[in-house]
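Treat the numbers as computed from the prediction; the structure is a model and nothing was measured. Atoms within a ligand are numbered from 1 in the order they appear, just like the ligands themselves.
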Amino acid sequence: MVVVSVPAEVTVILLDIEGTTTPIAFVKDTLFPYIKENVKEYLQTHWDEEECQQDVSLLRKQVRTLLFHIPAAEEDAHLDGAVPIPMASGNAVDDLQRMIQAVVDNVYWQMSHDRKTTALKQLQGHMWKAAFAAGRMKAEFFADVVPAVRRWREAGMKVYIYSSGSVEAQKLLFGHSTEGDILELIDGHFDTKIGHKVESESYRKIADSIGCLTSNILFLTDVTLEASAAEEADVHVAVVVRPGNAGLTDDEKTYYNLITSFSELYLPST
Ligand SMILES: CSCCC(=O)C(=O)COP(=O)(O)O
Ligand SMILES: [Mg+2]
């Protein structure tokens, strides 16, 4: 077994979810299809609720920003098929169906591009809430995750999550897992409200928020663009290789510390 030593200055382990703690297959085959299959009915049932209206407003604002403020050079790559969400205009019944269909189309479009926007993630989190609460879904974690997190905490480490999934959705996953409610193992959560995972400034803000130096953090992720952004902020990184993850280039394999299980991390204090 390959062992990666955790530098002595590390006091915080920051974990990505999809592809790191949790199989991509669980996200792609369970979480995301649930959204696609239920979004229309969810909107029809919850439309008048404030939470749902806030989600729709955020989606509307986000697509408007995308359509009208994005630099021209990026347009082709990002805007193909983008669906604006209309405001109500007169006939209440027609308007409602038109708006709901636009939100459904917008959600499908964003999901087909695996967009990680705060607006999409917020709506998804609210939709999963009911499914987890009713016991219709349980989150999957790789077998090495929970034992390792327990060991790290016993060794005095703090453990945080940084995922594109909303904080609310993250808490649902850890609160309703096949291992039971493991939310208490996590010291705190970050999502894209602090910034995108491919931007190094996000990692500086996370360190500030935790109250540590970026060099006190070890970030574990499956995505090398995220690892590179974190490293630029002086965060230690290891790239997690799990079944079903995207492949790495030879250069990436050489450059990064790679682990296939959290048990491959060696903490000097244990
Ligand atoms: C609470 S995570 C749900 C999965 C999800 O929506 C997602 O975007 C995961 O992205 P990650 O940053 O964890 O790779
Ligand atoms: Mg990931």
Flag if over 12 foreign heavy atoms under 6.0 Å of OH, Y34: yes
Evaluate whether atom NZ of K116 has more than 12 neighbouring non-hydrogen atoms of other residues, nucleotides or ligands under 6.0 angstrom away. yes
Decide, yes or no, whether a salt bridge links R98 with D95 under the criterion of side-chain N to carboxylate O below 4.0 Å. yes
Lys/Arg-Asp/Glu bridge criterion (N-O < 4.0 Å) met for E18, K28: yes
Is the closest side-chain donor-acceptor distance between E264 and T260 under 3.5 Å? yes
Identify, with sequence neighbours excluded, every residue that meets ring-ring contact (aromatic ring centres under 6.0 Å, His included) alongside F26. none
4.5 Å side-chain heavy-atom contact, R151 and F262: no
What do you get for the angle at the Mg ion (ligand 2) between O on E18 and OD2 on D16, to the nearest 10 degrees? 80°
For ligand 1, list every N/O pair with the protein closer than 3.5 Å, one pair per line with the distance.
from	atom 1	to	atom 2	distance (Å)
ligand 1	6 (O)	K121	NZ	2.8
ligand 1	8 (O)	K116	NZ	3.0
ligand 1	8 (O)	K121	NZ	2.9
ligand 1	10 (O)	E18	OE1	3.4
ligand 1	10 (O)	K116	NZ	3.4
ligand 1	12 (O)	D16	OD1	3.2
ligand 1	12 (O)	S164	N	2.8
ligand 1	12 (O)	S164	OG	3.2
ligand 1	12 (O)	K197	NZ	2.5
ligand 1	13 (O)	D16	OD1	3.0
ligand 1	13 (O)	I17	N	3.3
ligand 1	13 (O)	E18	N	3.0
ligand 1	13 (O)	S163	OG	2.7
ligand 1	14 (O)	D16	OD1	2.9

Contact check: D222 to the Mg ion (ligand 2), N/O/S below 2.8 Å: yes
